[in-house]
Amino acid sequence: MNATSIIIPTFNEKALLMDCIYSIRLHTQVPYEIIVVDNGSTDGTLEFLVQEGVPFVSFPDNRGFPVACNTGMKLAKGSTILLLNNDVLLTPNWLVNLLDCLLHRPDVGIVGPMTNYASGRQKIEEPYTTLEEMTLRYNEQKKGTYTEVQRLIGFCFLFKREVMDTIGLLDERFSPGHFEDDDYCYRARLAGYKLMMAEDTFIFHHGSASFGKKSQQQFKAIVKRSKDLFMEKWGVDPQQFI
C-alpha cells in the first residue's frame with residue numbers, strides 16, 4: 001500500500017490521544033492509516049476509538065513502548081511507517097514534508113521533525129510561541145532544509161518499509177522504553193542508511209505523558225537501565241550521538 005502507516009502506542013491519556021488523532025485528520029493530505037496500540041488503558045480510550053472508527057489493538061496490561069510499536073509494525077500495510085507518540089499535535093503539511101525528506105535520496109532511511117520538547121538536536125533553539133507561528137517559521141519558510149544526524153527521537157519517527165525489512169523490529173529488551181529509538185537508529189546506520197532531521201517540519205510535543213506518571217526516582221532508574229543495556233549491546237555510549 002502506497003501510504004503511511006501511523007502507529008500510536010497509548011496508555012490512558014485519552015484527551016491527548018483525541019487531540020492527536022484530530023490533528024492527524026485535520027492536517028494530513030496524503031494517504032495514511034492509523035493503528036493505535038493500547039497498553040491497557042482504563043480511562044475510556046477504547047470507547048473513544050470504537051466510536052471514532054479508529055483501528056486498534058488492545059492489551060490487557062501495559063507492555064511498554066517497544067512491544068506496542070512492534071505490534072503495530074507487524075500490522076502495518078504502508079510503504080512507509082511512522083511511530084508517533086500520543087502526546088503530539090500535528091501541523092499543516094507535516095507528513096508531506098517528512099515524506100519529501102525521506103524520499104529525496106535512496107539512502108535516507110529514517111527522518112524526524114523539529115519540536116518544542118525533546119532531547120538533542122530536534123529541539124528548537126528559540127522559545128516556543130504559538131503553533132501557527134512555529135508552523136509558518138518551519139513548515140513553510142524552511143521547506144527543503146534537511147540535516148544529517150546520528151540519532152533521531154522516537155516521538156515522531158518515519159522510516160521506509162525496506163528499513164524494517166532489513167533491520168527488523170524494535171529491540172524489546174528496552175521495555176518499558178528509552179533507548180529503543182537510539183538502538184534502531186544505530187542499527188539503521190550500520191546497515192548503511194542515513195538519518196535526516198527535517199528542519200522544515202515542526203510538531204508540538206507535550207512530552208513524557210506516560211513516563212511523567214512515574215516518580216523521578218523510577219524514571220531515572222528506567223533510563224539508566226536502558227542506557228546500560230545499550231552500552232552492553234554495542235559497547236558505545238549513546239550520548240556521543242546526541
Side-chain angles (χ1 to χ4, degrees), residues 1-59 62 65 68-69 71-73 75-78 80-102 111-118 122-124 128-140 153-159 177 198 200-213:
M1 183 170 77
N2 189 23
T4 300
S5 297
I6 303 174
I7 298 161
I8 310 174
T10 195
F11 172 55
N12 290 326
E13 302 298 346
K14 172 187 167 186
L16 291 176
L17 179 66
M18 289 172 66
D19 288 345
C20 175
I21 289 176
Y22 175 74
S23 71
I24 292 172
R25 289 174 168 173
L26 183 65
H27 295 306
T28 311
Q29 287 77 39
V30 291
Y32 68 92
E33 65 169 352
I34 297 176
I35 303 170
V36 173
V37 185
D38 181 72
N39 267 323
S41 294
T42 55
D43 65 346
T45 290
L46 300 185
E47 289 81 357
F48 159 71
L49 294 171
V50 170
Q51 180 182 332
E52 290 294 315
V54 179
F56 68 91
V57 176
S58 177
F59 293 131
N62 190 347
F65 186 82
C69 287
T71 300
M73 287 163 72
L75 295 171
K77 299 183 182 73
T80 54
I81 296 165
L82 180 83
L83 306 183
L84 190 68
N85 279 21
N86 64 354
D87 61 342
V88 300
L89 296 176
L90 293 315
T91 52
N93 296 319
W94 72 282
L95 188 52
V96 169
N97 288 2
L98 287 178
L99 286 168
D100 284 349
C101 179
L102 183 69
V111 303
M114 308 301 291
T115 189
N116 57 295
Y117 183 97
Q122 288 171 264
K123 185 179 187 301
I124 59 174
Y128 172 80
T129 51
T130 66
L131 204 53
E132 292 75 20
E133 187 174 328
M134 294 297 110
T135 299
L136 175 64
R137 189 173 298 181
Y138 286 88
N139 299 30
E140 295 183 29
I153 303 166
F155 77 98
C156 181
F157 198 72
L158 178 68
F159 51 94
D200 62 359
T201 311
F202 177 86
I203 288 173
F204 181 82
H205 185 204
H206 286 282
S208 298
S210 293
F211 283 102
K213 298 188 188 78

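Keep in mind the model is a prediction, meaning the values are calculated, not measured.
Looking only at side-chain heavy atoms (C-beta outward), I35 and T71 stay at 4.5 Å or farther from each other. In this structure the side chain of T201 never reaches within 4.5 angstrom of the side chain of V111, judged on heavy atoms. Between N2 and P31 there is no side-chain heavy-atom pair separated by less than 4.5 Å. Within the 4.5 Å cutoff, side-chain heavy atoms of I21 are placed close to those of V54.
Side chain of E33 to main chain of S5: no donor-acceptor pair is present (N/O by atom type, distance under 3.5 Å, no hydrogens or angles). Counting only distance, with no hydrogens or angles, the side chain of N139 and the backbone of F202 share a donor-acceptor pair below 3.5 Å. Judged by distance alone, with hydrogens and angles left aside, the side-chain atoms of T91 form no donor-acceptor pair with the main-chain N or O of I203 at under 3.5 Å. Between the side chain of N97 and the backbone N or O of D200 there is at least one donor-acceptor pair closer than 3.5 Å. Between the side chain of N39 and the backbone N or O of F59, no donor-acceptor pair lies under 3.5 Å. A distance-only check finds a donor-acceptor pair linking the side chain of T130 to the backbone of E133 [under 3.5 Å]. Side-chain atoms of E13 do not come within 3.5 Å of backbone N or O of N86 as any donor-acceptor pair.
Here I34 contributes atom CD1 and C20 contributes atom SG; the two are 7.5 Å apart, rounded to the nearest 0.5 Å. One distance of note links OG1 of T80 with CE of M1; it measures 8.5 Å at 0.5 Å rounding. In this structure, CG in L84 is found 7.0 Å from CD1 in I6, a value given to the nearest 0.5 Å.
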Go through I124 and Y138 one step at a time and tell me if the side chain to side chain contact (heavy atoms under 4.5 Å, CB included) criterion holds. CA-CA 10 Å; I124 59 174; Y138 286 88; 3.2 Å; yes
Could you give me the CA-CA distance, side-chain angles and deciding distance for F11 and T45, then say whether side chain to side chain contact (heavy atoms under 4.5 Å, CB included) is met? CA-CA 8 Å; F11 172 55; T45 290; over 6 Å; no
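Proximity of the aromatic rings of F204 and Y128 is defined here by a centroid distance below 6.0 angstrom, and this criterion is met.
For the 3.5 Å distance criterion, the side chains of H205 and N116 fail to qualify, holding no donor opposite an acceptor.
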